[in-house]
Every structure is written in structure tokens, then in C-alpha cells.
Amino acid sequence: MKNLWYTLLILVIFSTCISPFSVESLNTDRILNVEGFITTVPKVHEIRLSYSMPFGPEFTGPGPGIITATVYLRDNLGNVEVLNLKPPLDNFDRLRGFYQTSADFSAIVGRSYTLHIELVDGSKYQSFPEIVSPVPEVDSVTYHAVRSATEDILNDQIGVEIRAHFQDPSDVKNNYYWKTLESDFVLVAEPELHMSVKDCCEICYHKEMPFPLNVNTVSDIDFNGLYQRRAIAYVVDNGVRFKDTYRLDVQHLSISDEAHRFLKLISQQVNLSGSVFDPPPANIRGNMINIDDPSEQVLGYFFASDERFLRTYIQKSKLEFVQTPATIIPFDCREYLDPDGKNRDPRIGFFPPPLPVDPPADWNPPGN
């Protein structure tokens, strides 16, 4: 009898139907996303338009770029700058949807600028006006190695902190934003350690976005009128970046109160660690609106800035310490993106490009 009860119990357990729980995203509509800004430096400025896809079971990856929009800028004097669509680099260029100004366009301090967008379905969007405020000149840029504790008590994180030295004006409120740009560094390899001992090459030049990608913005509410020696960037030493020389490019920008508030919230969300002290996730509204339907959610922010371009050559010989041991690259440095052909995919025609052995044309570190 006891065995019969066990048999009946097992039959009940394995014959029980489990109904799947259906998860639906809260919003199935595509959301317009606007990314970009303009500055006072004459150059090609870019604004990217894309659709942000809902996250959930139907999520298929980053939203596609919009390539059929009409985009233009208008200042408070009525001047108009039309932006043209940037053609993709190739069939694998997924960063579509970039619209570019003319090569000599620049914002002017004291003027306000509004971004206008019209989609093929007739929807019209525009930003709130953004005023260009002056940014103070930077006297000098310095750097030093820093050591930070990590969750691994046996290994600290090594990196380089970059500081800008400048006088904050006392007669006006200032908001700052430091944006790191794609930077170059000397990549040192050890091809002689390859199992087939390669004759070339030891020195190449690699271009990358500095890591980590922090949103670095601050208001002078706590230091108005005081001289600043402020940290504006940080680059992690991964054992490769600082084996020789790293050239870091940074934009020193002025931004409006609203832009500073938006970027500050973005920084908080990006740096969430999952602890109980984290601020709650937030839906951050930008400054773009649908003219006919102001209640429509639009992501992103358009702003206009005064800019000073900062370039610093970080030399290993001038750092107090670096990551040790350095990362060994036991093959031809030109093959860094595709060591021994492991990262290519001939089926789709994807072949990572070799790194150049010649420095960039404007490479000019101190002492050269």
C-alpha cells in the first residue's frame, strides 16, 4: 500500500501542467532617440537619430538609425544650417543615422540654437533653445598614476588620472563637461615570443575609445571663482595602454544648467552598482519634444557648447607606476585585432584591419 501511494504521488508530480508566464514589455512603440551636440570649433558636427527599441522578449538589439529625416539647426537670429545624411562606411557599418553640418560650421558664444527634425511620416520635433556660454581657457593639463582598491583584495586597479588647471570665473555660473574622444597609443608587442618566431613587428599604433566611458560633468556652485586643479578624465591601465605613450584627446566644454542636470542623471544611472545605496532607476527626459504631441516620450538631449580641445601625451617614463606585469602580446603587432586570423569571418567578408606601423600624421609627443 505504501508503494502505491509513492507511485500515485510521482504520477501527480510529473503529470502536472506548468503554464508559461507571459512577459510583455510596457511599451511596444519605437521611441525616437537624439544624440549629439555642436560647439564653437569650426568642423563637421554630427547628430544621430535612431529608434530605441523596447526591452523585453521581443528585443532584437540596438535600434536602427533613421536615414530619411530632414534635420536642420536654427539660431536666435534666424540663421539656418541644414544637416546632410552621412553615408555608411560599408555594409557592416551599423552606426547609421548620422547627420552632418558643413565642414566650416561653428556655434557662436552668446547665441541660442534649436534643433529641428522632420520624419517621413510628417512628425516634427524640436529641441528647446540651448544658449552657448563661454568656457574658460585651460592653463595646463597634468597626469599621474593612481591606485584604487577593488573587490579583489589582492589586486588593485591601476590607472591614470588627468587634471585640468584653470580659473573659474566668479561673475557667472559655469557648468562644465569633459568628453573623452577616440585616442591613439603606441602598442608594443613581443613577436619574438610567438611559437613560430616572427620577424615583425614590435611597434604599432592603435586607436580606441578610452576606458571607462564616464560622463564627467560638474557645476561651479561649490567653487565659484576659485582656481581649479580638477580631474577631467581617467583611463584604466590594462597592461597594454601604457607600455609606451598614450595620446588622450578631451573636449573641455561649457553646458547649460539643463544639459548639466541631464548628464548628471545619466552619470548616476551609468554608475549604478546594485547596492542598497544606489538611487532608483529613472526615466530621464531630454529637451526634445514632438511639436504636435508634447506628451510623446523622446530620448536624448541636444546641447550647444563653447569648446577648448585638449591633447595630452601620457608617457610611461613619467608615470609613478604602471600595471605589472605588463600584458604580453606574443605576435606581430599588426595582427592585434586579428591574432593568427582568429577574429575574421570570411563567410560574411569580415576581416579586421591590420594596425599601422607608422604614427598618425600629427603624432608629436614631447621630446620629439
Least distance between heavy atoms, R74 atom then V80 atom: NH1-CG2, 3.6 Å
Any I117 side-chain heavy atom under 4.5 Å of Q126 side chain: no
Side chain to side chain contact (heavy atoms under 4.5 Å, CB included) partner of F242, the single match among V236, I158, V160, V186: V160
Hydrophobic cluster membership, V240 vs Y246, 4.5 Å side-chain cutoff: yes
D156 to A149 - nearest heavy-atom pair and separation: OD1-CA, 3.8 Å
Any donor-acceptor pair under 3.5 Å from D338 side chain to R344 backbone: yes
Donor-acceptor pair, side chain of Y143 and main chain of Q315, under 3.5 angstrom: yes
For L181 against S183, the heavy-atom pair lying closest together: O-OG, 2.9 Å
OG1-CZ distance between T39 and F105, expressed to the nearest 0.5 angstrom: 9.0 Å
Pairwise side-chain contact, V141 with R163, heavy-atom cut-off 4.5 Å (strictly under): no
NZ/NE/NH1/NH2 to OD/OE distance under 4.0 Å, K43 and D104: no
Reported CG-to-CZ distance for the pair N155 and R147, which is rounded to 0.5 angstrom: 10.5 Å
Cation-aromatic face contact K86/F98, 6.0 Å, 45 degrees: yes
Y176/F166 aromatic ring centres below 6.0 Å: yes
N343 to P339 - nearest heavy-atom pair and separation: ND2-CD, 3.6 Å
Steps toward side-chain hydrogen bond (donor to acceptor under 3.5 Å, both in side chains) verdict (S102, E81): CA-CA 8 Å; S102 56; E81 173 73 13; 2.9 Å; yes
Flag if over 12 foreign heavy atoms under 6.0 Å of NZ, K207: yes
Any side-chain donor near an acceptor of the partner, H260 and T217, under 3.5 Å: yes
Cluster check V357, L187: I/L/V/M/F/W/Y, side chain < 4.5 angstrom: no
D168 side-chain N/O to G225 backbone N/O, donor-acceptor pair under 3.5 Å: yes
Flag side-chain contact, heavy atom, 4.5 Å: P191 against C333: no
Centroid separation F37 to H45 less than 6.0 Å: no
Cation-pi geometry met for R241 and F211 (6.0 Å, 45°): no
Spatial distance of atom CD1 (I291) from atom CE (M288) [nearest 0.5 Å]: 9.0 Å
Backbone of N290 reached by a side-chain donor or acceptor of E296 within 3.5 Å: no
Min side-chain heavy-atom separation Y336-C204 under 4.5 Å: no
Under 3.5 Å: donor-acceptor pair, side chain of S254, backbone of D306: yes
I289, CD1: over 12 other non-hydrogen atoms inside 6.0 angstrom: yes
Pairwise distance CG(D362) to CG(D184) - rounded to 0.5 angstrom: 7.5 Å
Member of L115, V82, I47 meeting the side chain to side chain contact (heavy atoms under 4.5 Å, CB included) criterion with L73: L115
Note, F128 side chain near F302 side chain (heavy atom, < 4.5 Å): no
Aromatic F185 / basic R247 pairing, under 6.0 angstrom, 45° off normal: no
Donor on one side chain, acceptor on other, N76 and Y113, under 3.5 Å: no
Q228 side chain reached by Q167 side chain, heavy atoms, under 4.5 Å: no
Sub-4.5 Å side-chain heavy-atom contact between Y301 and E258: yes
Residue L226 excluded, over 12 heavy atoms near CG under 6.0 Å: yes
Where R308 and P136 come nearest, the two heavy atoms and their spacing: CG-O, 4.4 Å
Expected output: side-chain D332 to main-chain C201 donor-acceptor under 3.5 Å: yes
Ring centroid separation H252 to Y177 under 6.0 Å: no
Check: N79 main-chain N/O paired with D75 side-chain donor or acceptor under 3.5 Å: yes
Distance in Å, Q297 CD paired with I31 CD1, rounded so as to fall on 0.5 Å steps: 4.0 Å
ILVMFWY network linking L119 to V298, side-chain heavy atoms under 4.5 angstrom: yes
Side-chain donor-acceptor pair present, N175, D220, cut-off under 3.5 Å: no
Rounded distance (nearest 0.5 Å) linking atom OG of S140 with atom NE2 of H165: 4.5 Å
Audit row: R334, E202, salt bridge (Lys or Arg N to Asp or Glu O under 4.0 Å) steps and yes/no: CA-CA 9 Å; R334 295 173 297 180; E202 180 182 350; over 6 Å; no
Any donor-acceptor N or O pair under 3.5 Å, side chains Q323, D237: no
Distance-only side-chain donor-acceptor flag, S256 / E130, under 3.5 Å: yes
Cluster overlap V188 with F331, hydrophobic side-chain contacts below 4.5 Å: no
Step-by-step salt bridge (Lys or Arg N to Asp or Glu O under 4.0 Å) determination, R48 to E46: CA-CA 7 Å; R48 186 178 187 237; E46 293 185 336; over 6 Å; no
Neighbour count above 12 (heavy atom, 6.0 Å) for L77 CG: yes
Backbone N/O of E307 and side chain of T40: donor-acceptor pair under 3.5 Å: yes
S295-D293 side chain donor-acceptor pair, cut-off 3.5 Å: yes
Residues D249 and K179 bridged, charged N to O under 4.0 Å: no
Within 6.0 angstrom of I131 CD1, more than 12 heavy atoms from elsewhere: no
Residue pair S219 / K264, side-chain heavy-atom distance below 4.5 Å: no
Linked, directly or transitively: I67 and Y72 (ILVMFWY side chains, under 4.5 Å): no
Nearest atoms (heavy-atom pairs only) where S267 meets V215: OG-O, 3.4 Å
Whether Q251 side chain and W178 backbone form a donor-acceptor pair below 3.5 Å: no
